[in-house]
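Structure first, commentary second.
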Amino acid sequence: MILSLLRIQHLRCLEAAELALAPGVNLITGPNGAGKSSVIEAVHLLGYGRSFRGRVRDGLIRTGQPALSLYAEWTDGRGQAHRAGLRHSGSAWEARLDGGPAPSLTELCAELPVVTFEPGSHELIGGGSEQRRRFLDWSLFHVEPGFLPLWRRQARALKQRNALLKTQPSAQVLAPWDQELAEAGEELTRQRQRYLEHLEPILAGVARDFLPELGAADLQFLPGWRRSDLSLFDALQLSRDRDLASGYTSVGPHRADWQVTYTGLPGREALSRGQEKLTALACVLAQGQAYAADRGEWPLVCLDDLASELDLAHQRQVLSAVLASGAQVLLTGTEPPPALQELAVAPTWFHVERGQISRRH
C-alpha cells in the first residue's frame, strides 16, 4: 500500500500540516521537539486508533484547540484508492472512510495497516504483557476474517463474568459465562498459537541478521492458564473461589503472553536494553513480513528516530531490508541517517521547524 497524502490539524505542536508522500523512503527531519514524531504518531493513530505515546489527555490535542483531525489518502495493494478522516475531541472519536461514516474505528484501522518502530518499542520485549497481546492481535485482526467477532465475544464474556464476580453469585449463575468465555477463549488461543507458529521462522531469520551472537530466536507462547493440563473451562472452575475473593477473572486469554528466547543466551540472563531494542525491531519487521506473506503487500513502515536508536551497521541492515521489500517507509531524524547515503537512497524529504512542515529538494 502507498500513502499519498496526509493532513494533520492540531496534533501536539502541529497546527496544520500537509505531506504529499511518495513510494519508497519519506524522510522527515528537524530539531528535537519540532514535531517529527507527531507525523509518525498521526499515521499510527489512523492505523491503530490510538497513540504510541500515551493517552489523549497527555497532550495529544494541541493546547487551546477543541479537537485534532487527520485526513489521509492511499492506494491499497490491489490499486484501489481510499480516503479517511479521523477527528478526536478528547472524549470521542469520529471516523469517516471512503466518503461515509465509518461504523467504528475498527473499520478504518482494518484498511490502513501500519507497523511502527519508535523509541518506546523496546517495551514490547521488556514491558508488560498487554503490549505483546496487542502486537499479536493486530496481526490476527488483519489476516483472520473471524478474529474480531471472536475477540469481541471473549471480551464481552470476560466483562460479564467480572461484573458477576463482584456480586458473589452462585455457581449456577456464573456457569453460562464460564462456558461462553471458555468456548471463545479456547478458539482465540488456538488462533494466537497458530500465528506465533507462523511468525517464529520469520522472526528467527530477521533476528539472526540483527543479533547473531545470541543464537537462534524462539517464540514461547503463554496462553494464560495451564493449557497443557486443563481446558479453559476446567481452569475457570478451579479458580472460581480465588476469583470470587478478588472480584476478577484470574485465568484466560486476557492473561496471555509470549516471549522471545535465544539459544545462545546463558540460563535466564536478561537482554540488555540494546538487545531489547533490536529484538523488538526484529519482531516488528517479522510482523510486516508475515503480513506481506498473507496479504501480498507490505504494511506502511514507520521508523521514528532510527539513527538515535541504532548504530550505523544496524541502520543499514534495517533500511536494506525494508527497501528490498518494496514497502513505503516514513523515517524521522534530526538529520538524514548516514545509512541512507551509504545505500544511495534519495528520499522524499520533508523538514519540520516550529511545527511547520516544508518539502526539501
Side-chain angles (χ1 to χ4, degrees), residues 45 47-51 54-57 86 88-95 97 101-110 124 127-196 221-259:
L45 280 166
Y48 289 80
R50 55 181 171 80
S51 169
R55 298 159 296 186
V56 173
R57 59 176 174 269
L86 189 61
H88 194 17
S89 64
S91 58
W93 291 104
E94 178 185 346
L97 179 62
S104 71
L105 271 179
T106 302
E107 280 69 21
L108 170 56
C109 296
L124 177 65
S129 60
E130 181 178 1
Q131 189 168 346
R132 287 185 289 277
R133 284 192 297 275
R134 285 177 174 173
F135 173 94
L136 188 54
D137 291 346
W138 179 93
S139 303
L140 289 166
F141 168 66
H142 280 287
V143 302
E144 288 284 350
F147 170 76
L148 184 60
L150 180 65
W151 186 93
R152 285 173 169 166
R153 180 185 170 194
Q154 72 84 30
R156 176 175 176 268
L158 177 64
K159 182 178 179 180
Q160 292 291 337
R161 188 178 193 271
N162 283 343
L164 279 174
L165 287 170
K166 293 176 173 60
T167 69
Q168 297 297 306
S170 67
Q172 185 177 8
V173 171
L174 207 55
W177 293 109
D178 286 350
Q179 187 65 43
E180 177 71 359
L181 180 57
E183 289 179 5
E186 289 274 11
E187 178 55 29
L188 177 62
T189 299
R190 282 191 288 270
Q191 289 193 12
R192 285 171 167 172
Q193 183 168 17
R194 283 198 302 267
Y195 176 75
L196 284 177
F221 179 45
L222 308 170
W225 79 96
R226 297 197 321 270
R227 188 168 173 236
S228 59
D229 302 325
L230 298 167
S231 69
L232 179 52
F233 183 81
D234 289 341
L236 290 168
Q237 307 313 297
L238 288 175
S239 68
R240 180 177 292 168
D241 290 343
R242 181 174 67 248
D243 293 352
L244 285 167
S246 64
Y248 64 88
T249 303
S250 60
V251 296
H254 61 292
R255 304 294 298 273
D257 200 355
W258 55 269
Q259 61 186 21

What's the separation between atom CG in Leu196 and atom CZ in Phe135, rounded to the nearest 0.5 Å? 8.5 Å
Polar side-chain atom of Ser239 near backbone of Arg242 as donor-acceptor pair, under 3.5 Å: no
Reported CZ-to-CG distance for the pair Arg134 and Asp137, which is rounded to 0.5 angstrom: 10.0 Å
Of all the heavy-atom pairs spanning Pro169 and Leu174, show the shortest one and how long it is. CG-CD1, 4.0 Å
For the backbone of Leu150 and the side chain of Glu187, can you confirm whether one donor and one acceptor N or O come within less than 3.5 Å of each other? no
For Glu107 and Ser104, does a side-chain donor sit closer than 3.5 Å to a side-chain acceptor? yes
Between Arg192 (side chain only) and Pro253 (backbone N and O only), is there a donor and an acceptor less than 3.5 Å apart? yes
Please examine the side chains of Thr189 and Arg227, heavy atoms only from C-beta on, and report whether any two atoms are closer than 4.5 Å. yes
Listed by chain and number, what are the side-chain contact (heavy atoms from CB on, under 4.5 Å) partners of Ser246, not counting sequence neighbours? Tyr248
Compare all side-chain heavy atoms of Trp138 with those of Arg133 and state whether any distance is below 4.5 angstrom. no
Arg156 atom CZ, over 12 foreign heavy atoms within 6.0 Å: no
On a heavy-atom basis, the closest approach of Leu86 and Leu45 is CD2-O, 3.9 Å
Please tell me if the side chains of Gln191 and Val143 come closer than 4.5 Å, counting only heavy atoms from C-beta onward. no
Mark yes when over 12 heavy atoms from residues, nucleotides or ligands other than Lys159 sit less than 6.0 Å from its NZ; otherwise mark no. no
What's the spacing between His142 NE2 and Cys109 SG if we round to 0.5 Å? 7.0 Å
Any side-chain heavy atom of Phe221 within less than 4.5 Å of one from Asp257? no
Look at atom CZ of Arg194 and say whether more than 12 heavy atoms of other residues, nucleotides or ligands are closer to it than 6.0 Å. yes
Return yes if some donor-acceptor pair links the side-chain N/O of Glu186 with the main-chain N/O of Ser231 below 3.5 Å, else return no. no
What do you reckon, is CD of Gln172 surrounded by more than 12 foreign heavy atoms closer than 6.0 Å? no
May I ask you to test the Gln154-Glu183 pair for a side-chain heavy-atom distance under 4.5 Å? no
Judged by modelled atom types alone, do Arg240 and Gln237 share a side-chain donor-acceptor pair under 3.5 Å? yes
Please lay out, stage by stage, how Leu188 and Phe147 fare under the test side-chain contact (heavy atoms from CB on, under 4.5 Å). CA-CA 8 Å; Leu188 177 62; Phe147 170 76; 3.2 Å; yes
Just how far is it from atom OG of Ser129 to atom CD of Gln259, taken to the nearest 0.5 Å? 11.5 Å
What heavy-atom pair brings Ala95 and Leu108 nearest, and what distance separates the two atoms? CB-CD2, 4.2 Å
Trp177 side chain near Leu165 side chain, heavy-atom distance below 4.5 Å: no
Would you indicate whether the side-chain heavy atoms of Trp258 and Leu222 approach each other to under 4.5 Å? no
Student check: side-chain heavy atoms of Trp151 and Phe141 closer than 4.5 Å: no
If you measure from NE2 on His254 to CG on Leu158, what distance do you get to the nearest 0.5 Å? 5.0 Å
Indicate whether the side chain of Ser250 and that of Asp243 have a donor and an acceptor atom separated by less than 3.5 Å. yes
Is there a donor-acceptor contact under 3.5 Å from the side chain of Arg132 to the main chain of Gly127? yes
Between Glu180 and Arg161, does a side-chain contact (heavy atoms from CB on, under 4.5 Å) hold up when you go through it step by step? CA-CA 10 Å; Glu180 177 71 359; Arg161 188 178 193 271; over 6 Å; no
Looking only at non-hydrogen atoms, find the nearest pair between Leu181 and Leu232 and report the distance. O-CD2, 3.6 Å
Thr249 side chain vs Val251 backbone, donor-acceptor pair below 3.5 Å: no
